[in-house]
Visitor: 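The structure that follows is given in the form of structure tokens.
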Amino acid sequence: MMLPLVLYDILSELPGNNWSANPAKPRFVLSYKELPFVTLWVEYSDIPIAMKAIGAKPNKRRDGSDVYTVPVLSDPNTGTLLTDSFEIASYLEKTYPEKPIFPNNSEPMIRAFDSTYESLIRPPAKSIYARCTKILNPASAKFFIEARSRDVPLPWDATYDEDWELLEKAYNTAYEWYQKTDGKWIIGNTLSYADIVVACHLLWYKRVLNEDEWARISSWNGGKWAQVLADVEKECKLA
């Protein structure tokens, strides 16, 4: 009998807790592949202590220093403990190949897509970081600000209008990518991890932004992005 996998995710003050894009990615993959799993919720401020305690490996900041992050996935069926959403996805694909998320050996291409997409939407994310502090408890909000401001200097809302213009331009580019495919997904008629990556960032926006801000994103490109999120959630049985 297969034991449930364990996904470590970040606690919030929102109903249902989930909000962060990176832990959402393995949750979507696990649900799509219909693998049993449980979620262990960790306060943002407790991530370093909790991840060290279970023996998780740190990631690297841009300056080369260690940083403990989630998601972390523990698979008691194989004794595997993994950090980093893409490496978790790669592991799940190799270990549980049913319902592939990298169809037709597309992992290298989707790895490049993931990097390109992240670099496209990262610059205007400052305003969204500011919203994240509102859905965490005070200790976690303080830790979030300290951690994120090492890479993205404060204040985060100083260039709000410019950031939103940049974010819309980023999604205009992403819309062009979707327009070049033969189906509704990034690589045609088959859902892949590329679509999950896009959807999980959209979920992040929907969960942390003000209603009028999410409505603004939902209106871009003829409602494309609200539809992508709804379609991926449906495919992953998370709707």
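Numbers for residues simply follow the sequence, beginning at 1. Just so it is clear, the values below take in all heavy atoms, side chains as well, and ignore hydrogens, waters and symmetry mates.
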Visitor: Distance check, rounded to the nearest 0.5 Å: Glu118 atom CD versus Asn22 atom CG?
Guide: 6.0 Å

Visitor: For Lys99, look at atom NZ and say whether over 12 heavy atoms of other residues, nucleotides or ligands are found less than 6.0 Å away.
Guide: yes

Visitor: Starting from the C-alpha separation in whole Å, work towards a yes-or-no answer on side-chain contact (heavy atoms from CB on, under 4.5 Å) for Ile110 and Ser192.
Guide: CA-CA 8 Å; Ile110 294 176; Ser192 73; 3.7 Å; yes

Visitor: Taking atom NZ of Lys57 as the centre, does the number of heavy atoms from other residues, nucleotides or ligands within less than 6.0 Å exceed 12?
Guide: no

Visitor: Do other residues, nucleotides or ligands put more than 12 heavy atoms under 6.0 Å from the CG atom of Asp182?
Guide: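 No, not enclosed.
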
Visitor: Rounded to the nearest 0.5 Å, what separation is found between the OH atom of Tyr171 and the OH atom of Tyr178?
Guide: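 So the gap between those two atoms works out to 9.5 Å.
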
Visitor: Does Asn189 offer a backbone N or O that forms a donor-acceptor pair with the side chain of Lys184 under 3.5 Å?
Guide: no

Visitor: Taking the ring centre of each residue, are Trp156 and Tyr129 less than 6.0 Å apart?
Guide: yes

Visitor: Do Tyr175 and Trp220 make the cut of ring centroids closer than 6.0 angstrom?
Guide: no

Visitor: Could you check whether Tyr193 and Phe86 have their ring centres less than 6.0 Å apart?
Guide: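 Ring-ring flag for Phe86/Tyr193: true, centres closer than 6.0 Å.
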
Visitor: Count the heavy atoms belonging to other residues, nucleotides or ligands that lie under 6.0 Å from CG of Asn104, then report whether that count exceeds 12.
Guide: no

Visitor: For atom CD of Glu146, decide whether the heavy atoms of other residues, nucleotides or ligands shown that lie under 6.0 angstrom number more than 12.
Guide: yes

Visitor: Looking at Arg131 and Glu213, does any basic side-chain N land under 4.0 Å from a carboxylate oxygen?
Guide: yes

